[in-house]
Amino acid sequence: MAADLPRYRYNAAFADTIEVKWQNHWEANGTFEAPNPAGPLAEPDKVAGRPKLFVLDMFPYPSGAGLHVGHPLGYIGTDVFARYKRMTGYNVLHSLGYDSFGLPAEQHAIATGIHPRVNTESNIANMRRQLRRLGLGHDARRSISTTDEAYYRWTQWIFLQIFGSWYDESQEKARPIADLEAEYASGSRPTPDGRTWSSLSRNEQRKIIDSQRLVYLTEAPVNWCPGLGTILANEEVTAEGRSDIGNFPVFKRNMRQWMMRITAYADRLIDDLDRLDWPEPIKLMQRNWIGRSEGARVRFPSPAGEIEVFTTRPDTLFGATFMVLSPEHPLVDALTTPPQKSAVDGYRAAAAAKKDDERSDDSREKTGVFTGSYATNPVTGQDVPVWVADYVLMGYGTGAIMAVPSGDERDFAFARKYSLPIVATQRPPQEWFDARGIAANIDCSTWPEAYVGDGPYVNSKNASVSLESFTTVAEAKTAMNQWLESQGKGTSAITYKLRDWLFARQRYWGEPFPIVFDDDGNPHAVPDAQLPVLLPELADFKPQGLDPNDAVSEPIPPLARSKEWTTVELDLGDGQRTYRREVNVMPQWAGSCWYELRYLDPTNSQAFVDKDVERYWMGPQGPGHTGGVDLYVGGVEHAVLHLLYSRFWHKVLYDLGHVSSEEPFHRLFNQGYIQAYAYRDMRGQPVPANEVEERDGAYFFEGEEVAREYGKMGKSLKNIVTPDDMYAEYGADTFRLYEMSMGPLEASRPWNTRDVVGMQRFLQRVWRNVVDEDSGATRVTDEPASDDLRRALHKCIDGVGADMDNLRFNTAIAKLIELNNALTPYVTERGSCPREVAEPLAVMLSPLCPHMAEEIWHRIGHKSTITYESFPRADASLLASDTIEIPVQINGKVKYRINVAVGADQAATKAVAMADPKVIELLGGATPKKEVIVPGRLVNFVL
RNA sequence: GCCCGAGUGGCGGAAUGGCAGACGCGGCGGACUCAAAAUCCGCUGUCCGGAAGGGCGUGUGGGUUCGAAUCCCACCUUGGGCACCA
């Protein structure tokens with residue numbers, strides 16, 4: 001019965017009382033407000049003399065479903081780290097804002113008629129409430145939302161900075177577009193057709209300039225769904241080429257779109273990865289996404305004109321025995337001979353019906369058809385047949401390849417299937433033949449597969465070039481590239497998989513473009529004084545649905561509906577004129593490309609961030625350092641897109657001199673995910689996970705056996721557990737502690753509510769050791785602790801500090817539990833708790849469970865917050881003991897343990913071992929063949 | 001198909017070349033209680049054995065080493081990512 005419980009028992013109700021009390025106290029006192037060196041939040045005297053630390057969580061979307069227990073994992077981790085670092089003297093900036101534009105709010109608005117802003121703001125309010133109750137030490141003044149007009153004013157401003165720039169390849173940086181125009185005007189840069197700048201019409205000049213901007217309009221291939229009136233992502237298109245929603249036809253076609261020239265930064269985005277403190281797998285994913293490949297463009301003469309291919313292996317050109325064109329390649333018609341026409345047309349029709357990822361399925365057998373024509377290999381002069389195959393995609397390289405079956409697995413399989421010639425260009429090493437059980441030879445008819453790697457070149461010379469003196473790919477590539485260039489048959493080239501970023505959406509709930517068009521269709525920047533360009537109020541947020549089968553219609557986005565908004569009178573230097581506004585909006589990525597910068601200076605109305613403030617929090621920390629956020633924590637799902645787009649925007653801002661850091665995120669840490677079990681009944685319907693019982697390894701719901709699966713938490717799987725459930729049952733401190741104790745931060749793990757109670761029991765024991773449960777009085781006294789307890793304390797301090805530095809909160813918690821387990825019998829026996837243990841224990845606990853620590857801190861007599869107390873330092877003299885127990889092994893197996901003096905050398909250690917009666921017995925009079933004695937570690941006798 | 005992770009008690013995990021299983025959950029036994037809950041104490045990898053003690057054990061099979069959960073090779077399972085990228 002609750003009435004029988006001690007009045008000051010630490011339980012959920014009591015935790016709720018103190019947690020809410022301290023959350024209110026911290027808020028009222030601005031406990032976590034971080035001072036800036038300059039600008040509106042400047043408190044220079046508080047900044048002086050402290051190192052800085054900028055800790056950042058990935059920007060959350062305020063979902064209408066609210067948080068489940070998986071969401072705060074990273075937020076708790078960064079909070080523990082930030083709180084720990086405050087205790088070691090750092091000026092820590094930690095805040096959290098909301099990435100609040102986006103599709104779900106818009107779809108909610110379409111469904112309900114409620115304005116997306118209303119819905120978005122209530123979602124944010126709910127998420128703020130859930131997170132506040134967690135006790136996160138955020139600087140609330142810095143919490144911005146991308147939908148704030150004061151925020152997206154600067155998103156638009158940055159867009160205009162990018163729009164107002166071009167990439168100067170010679171300087172390898174972005175520069176203002178005015179510089180480019182000045183170069184044309186002065187004649188230092190020739191115009192494309194050689195006419196003088198001043199002889200061009202204004203429209204001609206505009207075309208030249210606009211085509212070089214970092215943001216530009218171009219025809220780009222998209223999935224156009226006229227029935228929905230919008231463009232769809234690949235994943236929104238079904239295998240049948242219809243829309244997921246509404247089942248309307250989808251047409252793949254080119255449409256005029258805003259693009260961002262991220263490809264201009266491809267090399268820097270790859271190269272600067274080397275200077276970042278990121279997990280290697282993430283760097284690898286970015287490198288692969290950018291996909292830099294160095295090779296050559298080679299031209300093969302053919303009856304239909306030259307066919308250009310890109311190859312990464314120009315050194316194998318002598319082995320190119322056929323060519324393959326993508327079915328969409330423009331020369332296919334001209335190359336197809338009359339007898340082959342029906343076969344080629346049929347193949348092309350079949351390929352057109354397939355989706356790219358289907359064509360990209362490597363397990364699928366390669367298919368193709370012969371065009372009937374031959375091209376000429378430019379190094380051998382031989383005729384090579386030209387085929388069409390759907391595994392070659394038009395979107396990559398030139399849409400045509402030279403096939404070298406001896407050196408490429410796909411080409412090899414294709415050549416075998418269609419009996420095309422295979423000529424070796426390199427001799428594989430002997431081991432290669434041995435491993436495949438065939439005699440070494442360069443007759444590929446005996447080879448079971450292609451050979452890829454270094455090896456002496458064979459069959460690789462003509463009258464003017466020979467590769468046969470080379471043994472490595474790199475040397476041969478260089479030589480072949482030189483020859484191709486000297487003969488005018490090709491050029492060395494680098495291609496990238498990365499493509500420019502499609503930056504327009506036919507939606508309502510996004511940032512409007514600060515762009516207007518004149519009567520000639522030329523885009524102009526909206527003057528800075530007129531930012532932000534606000535979203536117009538609308539009654540209906542849906543894109544205009546059109547005739548579902550009209551493939552050539554143009555989208556009518558929601559913003560186009562407001563006639564008084566789309567038309568605007570402006571004076572852009574040519575007098576007052578009428579312009580029409582851009583009616584697309586920006587993608588959700590825009591707002592998340594620079595949010596970390598706004599946390600630094602959230603209220604600045606003069607600049608997106610004060611330069612001194614940016615330099616302080618994010619500037620380079622030494623020569624060659626990129627600068628950027630000191631710790632960025634988030635899930636691996638953003639490995640490519642968000643992290644690449646933000647890096648790109650940041651580099652543009654750096655080039656234009658707006659920021660001092662070259663990279664936005666210096667150190668990246670990928671947290672794991674919390675997942676959960678879900679259960680389905682016989683019909684495959686999810687059943688409530690919290691009502692499932694386990695018996696003998698099987699699972700039952702209402703008496704019927706159900707199947708268990710493991711995966712995400714979600715409403716539809718009926719396995720959601722929310723932070724609110726945890727606050728009600730255990731309190732925030734227990735919840736925080738449990739999430740941190742489940743495993744290392746980077747690991748994914750299953751949620752198990754049943755296990756949470758262990759952390760609550762731990763906090764109860766701590767509480768009871770310091771406070772009398774019946775009276776609420778402190779049990780802390782100034783009596784000194786015993787030597788043993790003091791040693792346990794310092795061992796704990798030493799270990800916990802190291803674990804916190806390395807984000808190893810799970811083992812830090814285990815060490816704190818051990819200390820408390822040592823303290824418990826001590827307090828039970830004496831009825832009091834030594835202050836010299838209670839205080840450091842409270843301080844060490846405070847990053848993890850700040851409310852209880854703050855409560856204890858005040859109950860034992862302190863008046864100010866525990867937040868800025870110094871983290872305790874271990875006394876080295878108390879860490880060492882006089883003797884140490886080490887194992888004695890016989891043949892590498894532990895048989896016995898001996899105690900030796902700390903610092904004993906090999907001889908002394910051996911002497912102790914050999915003198916021990918048990919060791920003598922184990923040796924049984926034999927003389928060891930070998931003795932391995934590692935001082936301080938072990939003794940091993942090999943008999 | 002390719003790339004990158006991960007496989008340790010009944011469960012989450014600890015140990016990153018030197019004592020496998022810290023800490024927590026669960027389970028078993030005990031104390032307190034009329035009883036139950038809560039709390040506290042003890043035990044808890046597995047096999048053989050009455051015990052003392054011993055054998056075996058980190059997905060599987062090999063290898064390196066005095067010594068391997070840890071390093072190397074091959075395979076299996078599983079999670080994530082994806083691009084036939086020429």
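Note on naming: letters A, B, ... go to the chains in the order of the sequence lines (proteins, then strands), and numbering restarts at 1 for each one.
- Contacts of A/Asn940 with the nucleic acid, taken as non-hydrogen atoms under 4.0 Å apart, include base atoms.
- Between A/Met285 atom CE and B/G5 atom P the separation is 12 Å, expressed in whole Å.
- Pairing for B/G67 is absent, judged as Watson-Crick or G-U wobble with the two contacts each under 3.5 Å.
- Note on A/Lys895: only backbone sugar-phosphate atoms sit closer than 4.0 angstrom, heavy atoms only; bases stay farther off.
- Atom CD of residue A/Gln671 and atom CD of residue A/Glu746 lie 11.0 Å apart, to the nearest 0.5 angstrom.
- Applying the 90° cutoff around 0 to the glycosidic angle, B/G62 is assigned anti.
- An OP1 or OP2 oxygen of B/A86 is reached within less than 4.0 angstrom by a side-chain nitrogen or oxygen of A/Ser293.
- B/G45 and B/G27: their C1' atoms are spaced 14 Å apart (whole Å).
- Listed candidates were B/A83, B/C25, B/G13. Nearest to the side chain of A/Pro744 is B/G13.
- Here B/U39 is the nucleotide among B/A14, B/C66, B/U39 with the atom lying nearest to any side-chain atom of A/Arg768.
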**OP:** Step by step, work out the side chain to side chain contact (heavy atoms under 4.5 Å, CB included) result for A/Leu73 and A/Met740.
**Re:** CA-CA 8 Å; A/Leu73 180 70; A/Met740 293 298 98; 3.9 Å; yes
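- The P atoms of B/C11 and B/U60 are separated by 15 Å, rounded to the nearest whole Å.
- For B/A74, the paired base is B/U60 (Watson-Crick or G-U wobble, both distances below 3.5 Å).
- A salt bridge is defined here as a Lys NZ or Arg NE, NH1 or NH2 lying under 4.0 Å from an Asp or Glu carboxylate O, and A/Asp774 with A/Arg7 fails to meet this definition.
- The residue A/Asn821 sits close only to the backbone: its heavy atoms come under 4.0 Å of sugar-phosphate atoms, none of a base.
- Remark: the separation of the C1' atoms in B/G24 and B/A14 is 11 Å, to the nearest Å.
- Listed candidates were B/A83, B/C25, B/A15. Nearest to the side chain of A/Lys497 is B/A83.
- Map A/Arg808 and A/Asn752 each onto its nearest nucleotide of RNA chain B; the residue landing nearer the 5' end is A/Asn752.
- In this entry the distance linking CZ of A/Phe412 with P of B/G1 reads 19 Å, nearest Å.
- Taking side-chain N and O atoms only, A/Arg765 has a distance below 4.0 Å to OP1 or OP2 of B/C40.
- Taking only side-chain atoms of A/Val894, from C-beta outward, the nucleotide of B/C4, B/A20, B/A38 with the closest atom is B/A20.
- Aromatic ring centres of A/Tyr418 and A/Trp387 lie closer together than 6.0 Å.
- Here A/Glu818 does not pair with A/Lys815 in a salt bridge; the nearest charged N to carboxylate O distance is not below 4.0 Å.
- A/Arg297 comes within contact range of no nucleotide atom at all, as no heavy-atom separation falls under 4.0 Å.
- Out of B/C40, B/G18, B/A83, the shortest distance to the side chain of A/Val934 is found at B/G18.
- Taking atom CZ of A/Phe809 as the reference point, atom P of B/G13 lies 17 Å away to the nearest angstrom.
- Look at the P atom in both B/G13 and B/G67: the space between them is 32 Å, to the nearest Å.
- Between A/Arg754 and B/G10 there is no side-chain polar atom (N or O) within less than 4.0 angstrom of OP1 or OP2.
- Residue A/Glu818 is classed as a sugar-phosphate contact, given heavy-atom separations below 4.0 Å to backbone atoms only.
- Per the geometry, CE belonging to A/Met742 stands 12 Å off C1' belonging to B/C25, to the nearest Å.
- A/Ser741 comes within 4.0 angstrom of nothing in the nucleic acid, heavy atoms only.
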**OP:** With side chain to side chain donor-acceptor pair (under 3.5 Å) as the test, would you mind laying out the steps for A/Thr811 and A/Asp803 before giving the verdict?
**Re:** CA-CA 7 Å; A/Thr811 50; A/Asp803 285 346; 3.0 Å; yes
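- Using Watson-Crick or G-U wobble geometry with both donor-acceptor distances under 3.5 Å, B/A15 finds no partner in any strand shown.
- Under the Watson-Crick and G-U wobble criteria, each requiring two contacts below 3.5 Å, nucleotide B/A83 is left unpaired.
- In this structure, CG of A/Asn810 is placed 11 Å from C1' of B/A22, rounded to the nearest angstrom.
- In summary, the aromatic rings of A/Trp767 and A/Phe14 are positioned with their centroids under 6.0 Å apart.
- In this model, the phosphate group of B/U39 is approached by a side-chain N or O of A/Gln764 to a distance below 4.0 Å at OP1 or OP2.
- Comparing the P positions of B/G17 and B/A6 gives a spacing of 15 Å, expressed to the nearest Å.
- Using atom C1' as the reference point in both B/G80 and B/G29, the two lie 45 Å apart (nearest Å).
- The partner of B/U39 is B/A31, by the rule that a Watson-Crick or G-U pair needs both atom distances under 3.5 Å.
- When the P atom of B/G67 is taken as reference, atom CZ of A/Phe941 falls 16 Å away, rounded to whole Å.
- Comparing atom distances between the A/Leu284 side chain and each of B/C4, B/A86, B/C25 picks out B/C4 as nearest.
- Nucleic acid contact for A/Thr828: none, since no nucleic acid atom lies under 4.0 Å from a heavy atom of the residue.
- Here the side chain of A/Val942 is nearest to one of B/C66, B/G26, B/A86, namely B/C66.
- Per the geometry, CZ belonging to A/Arg499 stands 13 Å off P belonging to B/C85, to the nearest Å.
- B/G49: no Watson-Crick or G-U partner with both key distances under 3.5 Å is found in any strand.
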**OP:** Decide side chain to side chain donor-acceptor pair (under 3.5 Å) for A/Thr495 and A/Ser293; before the verdict, give the C-alpha distance in whole Å, the side-chain angles of both, and the deciding distance to 0.1 Å.
**Re:** CA-CA 5 Å; A/Thr495 62; A/Ser293 35; 3.3 Å; yes
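- For B/G81 and B/U44, the C1' atoms lie 41 Å apart once the distance is rounded to whole Å.
- Neither side chain, A/Asn810 nor A/Ser741, offers a donor N or O lying under 3.5 Å from an acceptor on the other.
- For the pair A/Arg761 and A/Ala747, nearest-nucleotide mapping onto RNA chain B gives the more 5' position to A/Ala747.
- Using a 4.0 Å heavy-atom criterion, one finds that A/Leu938 contacts the bases of the nucleic acid, with or without backbone contacts as well.
- The CE-C1' distance, from A/Met759 to B/C23, rounds to 7 Å in whole Å.
- B/A31 and B/A38: their C1' atoms are spaced 14 Å apart (whole Å).
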